[in-house]
S.K.: 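Pasting in a structure now, in structure tokens, and then I'll have a few things to ask.
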Protein chains: 2
Amino acid sequence: MVRRGGRGRGAEKRERILRAAIKIFSHKGFFNSKISDIARSAGVADGTIYLYFKNKDDLLISLFEEKMAEVVADVRGRVAAGNGALSRLKIFIENHMSLLVREAGLIEVLQVELRQSNKFMKEYVPVKFLEYLDVISEILELGKREGTFRRDLNVTMARRAVFGALDEIALAYVLSRKRKYDPADAAAEIYRMFAEGLCTTAQNREGRT
Amino acid sequence: MVRRGGRGRGAEKRERILRAAIKIFSHKGFFNSKISDIARSAGVADGTIYLYFKNKDDLLISLFEEKMAEVVADVRGRVAAGNGALSRLKIFIENHMSLLVREAGLIEVLQVELRQSNKFMKEYVPVKFLEYLDVISEILELGKREGTFRRDLNVTMARRAVFGALDEIALAYVLSRKRKYDPADAAAEIYRMFAEGLCTTAQNREGRT
DNA sequence: CCCTCTTGAATGAATCGTCATTCACCAAGA
DNA sequence: TCTTGGTGAATGACGATTCATTCAAGAGGG
């Protein structure tokens with residue numbers, strides 16, 4: 001007997017479906033994707049998907065939560081290796097941009113569908129996504145304690161700003177077929193922008209308005 | 001005779017439809033919105049919408065382009081009043097956040113639907129949105145010429161970062177029913193983040209890795 | 001060791017709603 | 001009367017979800 005929840009063959013099939021969903025959703029978008037597309041790509045029957053997921057929405061949300069959980073666990077490990085807030089921030093940014101290559105499909109789905117789901121599925125709280133933001137918060141808090149970051153830095157705001165900048169640049173990368181720049185270079189640029197700001201050294205002390 | 005293109009009564013009806021579309025799309029999202037919802041809200045028949053727009057996609061895209069054109073023209077005027085890049089950047093940021101109040105519906109539609117359309121309607125190039133980004137570019141270029149901003153600042157990257165930060169913070173504002181913060185305060189915070197960076201003064205000269 | 005029998009996963013064709021879009025028809029102004 | 005914008009019911013497609021049926025594999029009795 002095959003159990004669907006555990007580690008058995010059922011789990012492997014579930015995983016196949018999730019991977020297929022990422023592929024199809026990232027190519028055509030959630031609303032333009034047919035369950036039958038996903039089923040075909042996963043090599044299962046349409047009905048089989050409903051043995052593992054309640055419905056199409058549930059498939060999308062499971063995908064978000066389960067894949068983001070992996071990403072969060074992974075980045076937490078990497079970030080912990082950095083010493084000091086600046087080093088950790090750098091690692092976080094580099095990791096996010098490298099996800100563009102390692103997990104292109106997942107990132108694409110998140111970029112376009114997460115906002116939709118977040119806004120229109122009233123019951124859905126993107127737990128794992130918020131945890132991802134928490135990783136940024138922790139870095140910023142550390143920096144404040146260390147004295148690296150301004151004491152009056154608004155962390156709730158700043159973490160959104162950091163994520164937003166990363167996300168928008170990642171989006172531009174994904175959308176431009178020509179791949180104008182290298183994600184690693186982009187990461188370095190973004191890091192500098194936040195660490196140093198936009199201004200020259202001279203301006204930094206007088207630029208306040 | 002009523003001409004649909006020009007300034008006549010036709011234009012007024014078209015405008016009503018666009019406004020209704022913003023309202024409905026922002027509430028329920030593009031794919032969950034029915035043409036009949038929009039028609040009812042605009043006080044016209046379903047078929048009338050097809051006299052003014054080719055189809056549902058065209059309605060969304062017209063909405064993007066026409067409303068963004070207004071926003072771009074408006075912000076260009078405001079920004080021009082600032083003297084110096086920092087002042088202009090501040091104005092741009094403040095204006096964007098104030099749109100959250102003035103044009104809430106439009107901003108919400110842009111936030112969730114623009115990415116979709118941009119990615120999945122292959123023919124669609126978001127001309128007016130790119131112009132909005134250009135306004136940021138111009139400010140950044142000015143700053144470089146002035147010597148306010150770093151000469152090695154990558155403008156293509158930085159403009160995305162600025163927009164991304166604004167957009168993400170605006171999104172958080174829209175999604176949080178409780179309205180935790182004031183858009184004007186948020187604007188000030190974002191401005192500082194870009195002008196000064198995250199670091200304290202002391203760290204600013206050694207924070208490079 | 002072989003032959004039922006039972007169980008439940010997997011299948012995929014049929015169902016049932018849901019809209020976007022169309023178009024035959026109406027009314028009001030010229 | 002003729003023109004044209006406007007109407008909204010009817011159409012046609014599409015696609016998520018269901019469910020009657022199939023099938024494989026273990027259980028157990030002889």
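Throughout, protein chains are lettered first and strands after them, A, B, ... in sequence-line order, and every chain is numbered starting at 1. Predicted model only: the values in this text are computed from it and were never measured.
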S.K.: Establish, yes or no, whether the cationic atom of A:Lys13 lies under 6.0 Å from the six-membered ring centre of A:Tyr52 and within 45° of the ring axis.
M.R.: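 Verdict for A:Tyr52: no cation-pi partner in A:Lys13.
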S.K.: Can you name the one residue among A:Tyr132, A:Phe194, A:Tyr191 that meets ring-ring contact (aromatic ring centres under 6.0 Å, His included) with A:Phe92?
M.R.: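 With A:Phe92 as partner, A:Tyr132, A:Phe194, A:Tyr191 yield a single ring-ring contact (aromatic ring centres under 6.0 Å, His included), made by A:Tyr132.
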S.K.: Distances for protein N/O vs nucleotides 7-11 of chain D N/O pairs under 3.5 angstrom?
M.R.:
from, atom 1, to, atom 2, distance (Å)
D:dT7, OP2, B:Ala45, N, 3.1
D:dT7, OP2, B:Thr48, OG1, 2.4
D:dG8, N7, B:Gly47, N, 3.2

S.K.: Side chain of A:Arg14, backbone of A:Phe53: donor and acceptor closer than 3.5 Å?
M.R.: no
S.K.: Does a nitrogen or oxygen in the side chain of B:Tyr52 sit under 4.0 Å from OP1 or OP2 of D:dG5?
M.R.: no
S.K.: Out of B:Glu113, B:Glu168, B:Glu108, which residue meets the salt bridge (charged side-chain N to carboxylate O under 4.0 Å, His left out) rule with A:Arg115?
M.R.: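 Single pass found, and it is B:Glu168.
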S.K.: Any residue in residues 27-39 of chain A with a heavy atom nearer than 4.0 angstrom to DNA chain D? Just list them by number, or reply none.
M.R.: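 Here the set is A:Ser33, A:Lys34, A:Ile35.
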S.K.: Which value, rounded to the nearest 0.5 Å, describes the distance between A:Asn95 atom CG and A:Asp74 atom CG?
M.R.: 6.0 Å
S.K.: Strictly below 4.0 Å, heavy-atom distances to any atom of DNA chain C: list the hits from residues 54-61 of chain B, or just say none.
M.R.: B:Asn55, B:Lys56
S.K.: Name all residues meeting the side chain to side chain donor-acceptor pair (under 3.5 Å) criterion together with B:Glu70; count only those two or more places apart in sequence or in a different chain, and write none if there are none.
M.R.: none
S.K.: Under the side-chain contact (heavy atoms from CB on, under 4.5 Å) test, which residues partner B:Asp37, sequence neighbours left out?
M.R.: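 Applying side-chain contact (heavy atoms from CB on, under 4.5 Å) to B:Asp37 gives B:Ile24, B:Lys28, B:Lys34, B:Arg40.
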S.K.: Taking atom P of D:dG15 as reference, at what distance in whole Å does atom CD1 of A:Ile49 sit?
M.R.: 15 Å
S.K.: In chain order, what residues pass the ring-ring contact (aromatic ring centres under 6.0 Å, His included) check against A:Phe64, with sequence neighbours excluded?
M.R.: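 Counting only residues at least two positions away or on another chain, A:Phe64 forms no ring-ring contact (aromatic ring centres under 6.0 Å, His included).
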S.K.: Return yes if a side-chain donor-acceptor contact under 3.5 Å exists between B:Asn154 and B:Arg160, otherwise no.
M.R.: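 Side-chain D/A pair, B:Asn154 to B:Arg160: absent.
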